[in-house]
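In what follows, chains carry the letters A, B, and so on, assigned in the order in which the sequence lines appear, proteins first and then strands, with residues in each chain numbered from 1. Model, not experiment: these values are computed from the prediction.
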2 protein chains.
Amino acid sequence: MELRHLRYFCMVAEELNLTRAAAKLHMAQPPLSRQIKQLESEVGAELFERSARGLRLTPAGQFFHEHTLQILDKVDTTIAATQRLARSKRVMFGIGFVPSVFYGQLPLLVRELRQKDNVELVLAELTTVQQVKALKSGRIDLGFGRMRIDDPDVEQENLFDEPLMAALPEGHPLADTKPTLAQLAEYPLVLFPAQPRPSLADMTLGLFRRRGLKVTVAQEANELQTALALVASEIGITLVPEQVKRVQRDGIVYVYLADPGLTSPVICSRRKGEAPSPIMQEANAILEVLVENRRSGRYP
Amino acid sequence: MELRHLRYFCMVAEELNLTRAAAKLHMAQPPLSRQIKQLESEVGAELFERSARGLRLTPAGQFFHEHTLQILDKVDTTIAATQRLARSKRVMFGIGFVPSVFYGQLPLLVRELRQKDNVELVLAELTTVQQVKALKSGRIDLGFGRMRIDDPDVEQENLFDEPLMAALPEGHPLADTKPTLAQLAEYPLVLFPAQPRPSLADMTLGLFRRRGLKVTVAQEANELQTALALVASEIGITLVPEQVKRVQRDGIVYVYLADPGLTSPVICSRRKGEAPSPIMQEANAILEVLVENRRSGRYP
DNA sequence: CGGAGCCATACCCTGGAGGTATCATGGAGC
DNA sequence: GCTCCATGATACCTCCAGGGTATGGCTCCG
């Protein structure tokens, strides 16, 4: 499949008439007809319903159209942005992160770096394992995760340890308390993220298991927002890093845990033994402030 | 430009060696060399620095690589999802929205609809004007905006009126008050969204102007998050619809206004005179509950 | 029932993608 | 400083696939 197919498809999906679409594309109708057929066979789905009086999009076709527009748009903006970057002599700086570190101060780092006019920031949501690979390949320059991974080419730094909190539905019996894990184990659990493993989910399970507590998993969720929605719907409770409490939601309360030492680290990864670029130095300076603010409990 | 170019580019960017990349792509080196050159000329930027000992990505090349990966990934997932959709006989349902309506109950609608296993939801961030076009073309089935637009093929319904609130930096003199517009006019304003106009920004300006108040615009911002960051940095204050107060941020407080009748509507658009599909009926039912919850002050 | 509109099929033609052979270049090794 | 080798660039050829033309077949409409 080529972009050509997508361009043709978009035009046909808009016109719903091969002859007219072909005219707009400055080509004859038969080859367009053929390309569309070819696209359908490559995608492996009927995209149009043919009738003697024009075409109609199938549901799959509608879906494909929507995403095709997004793809073509992304292609255009990528080209434009690349040109701009080439002309401006700016430099790229890539940051990888796992979703759960992106609720706290990390956005501040991003915002500060974005304001530098000599750097083009690229963000990528990556698991900690993917971050190591992305660091080595130069796709990213800095990674934020929650797991320690041994790799000779990557150095890791523990920025800080975050307490875990329990997210409870409003009005829950433990809502105004500082419960122990044992108390929480009485209630069904919403596990997240379900994919990819290993993750916070396994850590959560491990915490309970190590204490000999048996838990019921009521439901798994992939995204924080889903997990919180499930909690708000009283399907279960869940454990989250402290940063998440920034996500205020009606129907949810966060409580600290009575058990000491229940923390999840935020770990920063870099390529080992590389002289820090000017941007990296800036990032380090900002990070230092953020970590210091966190330690002192002061926020910007 | 074709996807072929992007596929080749990705391989070369990973190998940083034309000969090896060509081997992996099961082709000879010279045509690959040519295709890469062609890509560079079409993009209008040098993507590689050539040396006698392999290639190196330029900053623009790094940026392009990152986004190319995303594009190719999106192509693959789109094809896979389209196939699934075609096999499952599910139906597509598109929702367009302006960002500022997406902080309140709307996510609840999305979540509920997503759980139906006969519907594939597609979300698109669109301005109210774009929504009208997208409705007509069938790209979306339901639109949520903040402006009334007259169009014979589209019917609009005012779901509810939302009070406007002022977002102030923590510790601001008016922070614990219920200020009037006149009081707020004393302080510089952060205007948002700056693009596209007309928007909430013009409404804000209009509110002040109609009362004969002169305001200073300290800064414009395109995104809510930026606007709030500027407010937190004490660059100015801004007016936001009530839903936004869900976005809790350190350094920001929201206060209601003393002036009565300062509201921003949430308007729902549909194609006129179309028999509601089963999914549309479900959506309507959910919407009714949401609106009712809002009126009664009860939240799910 | 005939014509108009539209998509599909059959067949031809040509541009460009890919192949082969070879050149140009610069760093490594002696 | 010379040679060798790895690597990318260039030149030229081949052939296939994308696009064109002609035409058939199906529906809907008057």
List, one per line, each side-chain donor-acceptor pair under 3.5 Å for residues 22-29 of chain B, sequence neighbours excluded.
| unit_1 | atom_1 | unit_2 | atom_2 | d |
| --- | --- | --- | --- | --- |
| B:Lys24 | NZ | B:Glu15 | OE2 | 2.9 |

Using whole Å, report how far [atom1] of [X] lies from [atom2] of [N].
X       : N      : atom1 : atom2 : value
B:Leu3  : D:dG18 : CG    : P     : 13 Å
B:Arg56 : D:dG8  : CZ    : C1'   : 16 Å
B:Leu32 : D:dG8  : CG    : P     : 9 Å
B:Leu16 : D:dG8  : CG    : C1'   : 14 Å

**Study point:** Those residues of residues 23-30 of chain A lying under 4.0 Å from DNA chain D by at least one heavy atom
**Key:**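 Close to the strand are A:His26, A:Met27, A:Ala28, A:Pro30.
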
Is any side-chain heavy atom of [Y] closer than 4.5 Å to one of [X]?
X        : Y        : answer
B:Ile267 : B:Thr128 : no
B:His67  : B:Gln70  : yes
B:Asn118 : B:Val91  : no
A:Lys136 : A:Asp151 : yes
A:Leu121 : A:Lys116 : no

Practice item. Please list, by residue number, the residues of residues 6-14 of chain B whose heavy atoms come closer than 4.0 Å to an atom of DNA chain C; answer none if no residue qualifies. Key: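 Contacting residues: B:Tyr8.
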
Point to revise | Sugar-phosphate only, base, or nothing, as touched by A:Gln38 at under 4.0 Å among non-hydrogen atoms | key: sugar-phosphate

Review point. When we call it a touch if two heavy atoms are under 4.0 Å apart, what does B:Arg34 touch: a base, just sugar-phosphate, or nothing?
Key: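 Base: the residue B:Arg34, judged by heavy atoms under 4.0 Å, touches a nucleobase.
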
Grab the N/O contacts between the protein and nucleotides 3-7 of chain D below 3.5 Å, and write none if there aren't any.
| unit_1 | atom_1 | unit_2 | atom_2 | d |
| --- | --- | --- | --- | --- |
| D:dT7 | OP1 | B:Asn17 | ND2 | 3.3 |
| D:dT7 | O4' | B:Ala52 | O | 3.4 |

Review point. Would the number of heavy atoms belonging to other residues, nucleotides or ligands and lying under 6.0 Å from CG of B:Asp150 be above 12?
Key: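 No, CG of B:Asp150 has 12 or fewer neighbouring heavy atoms, counting only those of other groups under 6.0 Å.
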
Review point. Could you give all pairs that pass the ring pair (Phe, Tyr, Trp, His ring centres under 6.0 Å) test and reach residues 119-151 of chain B, with sequence neighbours left out?
Key: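 Of all non-adjacent pairs touching residues 119-151 of chain B, none passes ring pair (Phe, Tyr, Trp, His ring centres under 6.0 Å).
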
Point to revise | Residue met sooner reading DNA chain C from 5', once A:Arg50 and B:Pro31 are mapped to nucleotides | key: A:Arg50

Please enumerate all residues that pass side-chain hydrogen bond (donor to acceptor under 3.5 Å, both in side chains) together with [X], with sequence neighbours excluded.
X        : result
B:Glu14  : none
A:Asn284 : A:Arg270
B:Arg139 : A:Glu66
A:Glu288 : none

Point to revise | Presence of salt bridge, B:Asp153 and B:Arg271, under 4.0 angstrom | key: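 No, B:Arg271 and B:Asp153 are not salt-bridged.
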
Check your understanding: Is B:Glu2 salt-bridged to A:Arg7, cutoff N-O under 4.0 Å?
Key -> yes

**Study point:** Rounded to 10 degrees, the angle between the two terminal axes of the helix from C:dC1-D:dG30 to C:dC30-D:dG1, each from five pairs
**Key:**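 It works out to 30° between the end axes.
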
Exercise for review: Considering only heavy atoms of chain B and a distance under 4.0 Å, specify the first and last nucleotide of DNA chain C in 5' to 3' order that meet this criterion.
Suggested key: C:dA17 to C:dG26

Check your understanding: Side chains of B:Gln156 and B:Ser269: do they bring a donor and an acceptor to under 3.5 Å?
Key ->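 Distance-only check passes for B:Gln156 and B:Ser269.
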
Can I get a per-line list of side-chain donor-acceptor pairs under 3.5 Å for residues 30-41 of chain B, giving both atom names and the distance, sequence neighbours left out?
| unit_1 | atom_1 | unit_2 | atom_2 | d |
| --- | --- | --- | --- | --- |
| B:Gln35 | OE1 | B:Arg4 | NE | 3.4 |
| B:Gln35 | OE1 | B:His5 | NE2 | 2.9 |
| B:Glu40 | OE1 | B:Arg50 | NH1 | 2.8 |
| B:Glu40 | OE1 | B:Arg50 | NH2 | 3.1 |
| B:Glu40 | OE2 | B:Leu47 | N | 2.7 |
| B:Glu40 | OE2 | B:Phe48 | N | 3.1 |
| B:Glu40 | OE2 | B:Arg50 | NH1 | 3.0 |
| B:Ser41 | OG | B:Gln38 | O | 3.4 |

